[in-house]
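Before any comments, here is the structure.
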Amino acid sequence: MPKLRLDKYLKDQGVASRSEVKELIKKGLVCVNDVTIKDPGTHVITEKDIISVRGVPIEYRQFVYYMLNKPKGVITATEDKTLKTVLDLFPEEIRRREVFPVGRLDKDTEGLLLITNNGIFAHNLLSPKKGVKKLYEALLASFPGDRAIEAFEKGVDIGDNYTALPAQLEFISLNPVIARVEIYEGKFHQVKRMFKAVGTSVLELKRLRMGEVWLDESLKPGEFRELTPEEILILSH
Ligand code: URA
């Protein structure tokens with residue numbers, strides 16, 4: 001069974017920073033199975049021992065998963081000296097769990113972005129071999145003609161000697177021109193380059209779905225929530 005240092009256990013659960021956690025332990029505020037423990041280096045068994053801080057049990061969860069409605073204007077990175085990142089939208093206790101974004105959306109793109117600390121989960125979702133589908137909605141500068149649907153189905157040349165994989169395009173409205181496109185890969189500026197290839201440009205872009213998981217419409221830009229166990233399962237296949 002997995003063993004962990006007591007201070008790491010509490011830090012990983014987002015209780016406080018490692019040094020703050022050490023202080024809490026030294027002050028005698030932390031119990032393991034109802035016994036006060038004052039050595040931060042004590043090893044605990046994550047699945048068996050009951051750890052509490054000031055009498056409150058702290059359940060062990062190795063991985064956390066969130067869906068964020070990414071707003072425009074923030075970059076998909078974990079930290080940046082000058083620009084606001086998607087992780088700046090999360091409170092310290094979640095960031096302490098060493099979460100990161102799964103893939104990236106451009107600074108001016110909004111919509112569904114998954115945030116987790118599970119590297120294997122993220123890797124599987126991003127792996128070109130898995131070809132997880134992603135649905136985007138785009139506001140376009142002009143109508144590229146119905147032939148764009150066929151062109152997307154065949155695969156358009158997006159430059160740099162690369163032909164995009166076949167993608168499904170549909171028009172939701174013509175005035176304004178709003179399209180939905182489903183793609184199975186995630187090259188740099190992929191959707192924008194695909195529309196450029198058929199003679200128009202993207203004015204606004206929003207990701208609506210990843211795999212079979214939709215962006216929760218109740219989330220305003222900048223808001224997030226935990227994925228449900230069902231959503232985690234769906235995305236893990
Ligand atoms: N395609 C783009 O062009 N931008 C994004 O942010 C995502 C997909």
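One-based numbering, in listed order, for ligands and for the atoms of each. Nothing here was measured: the structure is a model prediction, and the numbers come from that model.
In this pair, Phe171 and Phe143 present their aromatic rings perpendicular. The plane angle is above 60°, beyond the 30 to 60° band. Between Phe152 and Phe195, the ring planes are tilted. Angles from 30° to 60° get that label.
The atoms of ligand 1 that sit less than 4.0 Å from any heavy atom of Thr109 are 4 (N), 5 (C), 6 (O). Short contacts between ligand 1 and Leu205, defined as distances under 4.0 Å to a heavy atom of the residue, involve ligand atoms 1 (N), 2 (C), 3 (O), 4 (N), 5 (C).
Checked by atom type and distance alone, the side chain of Lys154 never pairs as donor or acceptor with a backbone atom of Pro166 at under 3.5 Å. Side-chain N or O atoms of Glu20 include one that pairs as donor or acceptor with a backbone N or O of Ser17 at under 3.5 Å.
Taking a cutoff of 4.0 Å between a charged side-chain nitrogen and a carboxylate oxygen, Lys8 and Asp12 qualify as a salt bridge.
The protein heavy-atom contact nearest to atom 1 (N) of ligand 1 is Val191 N, 3.1 Å.
Across all non-hydrogen atoms, the minimal contact from Ile158 to Ala164 is CG2-CB, 4.3 Å.
Ligand 1 has no N or O atom lying under 3.5 Å from any N or O atom of Arg193, backbone or side chain. By the 3.5 Å distance cut-off applied to N or O atoms, Asp106 is counted among the residues near ligand 1. Residue Tyr136 has no N or O atom closer than 3.5 Å to an N or O atom of ligand 1.
Of the heavy atoms in Val202, none comes closer than 4.0 Å to ligand 1.
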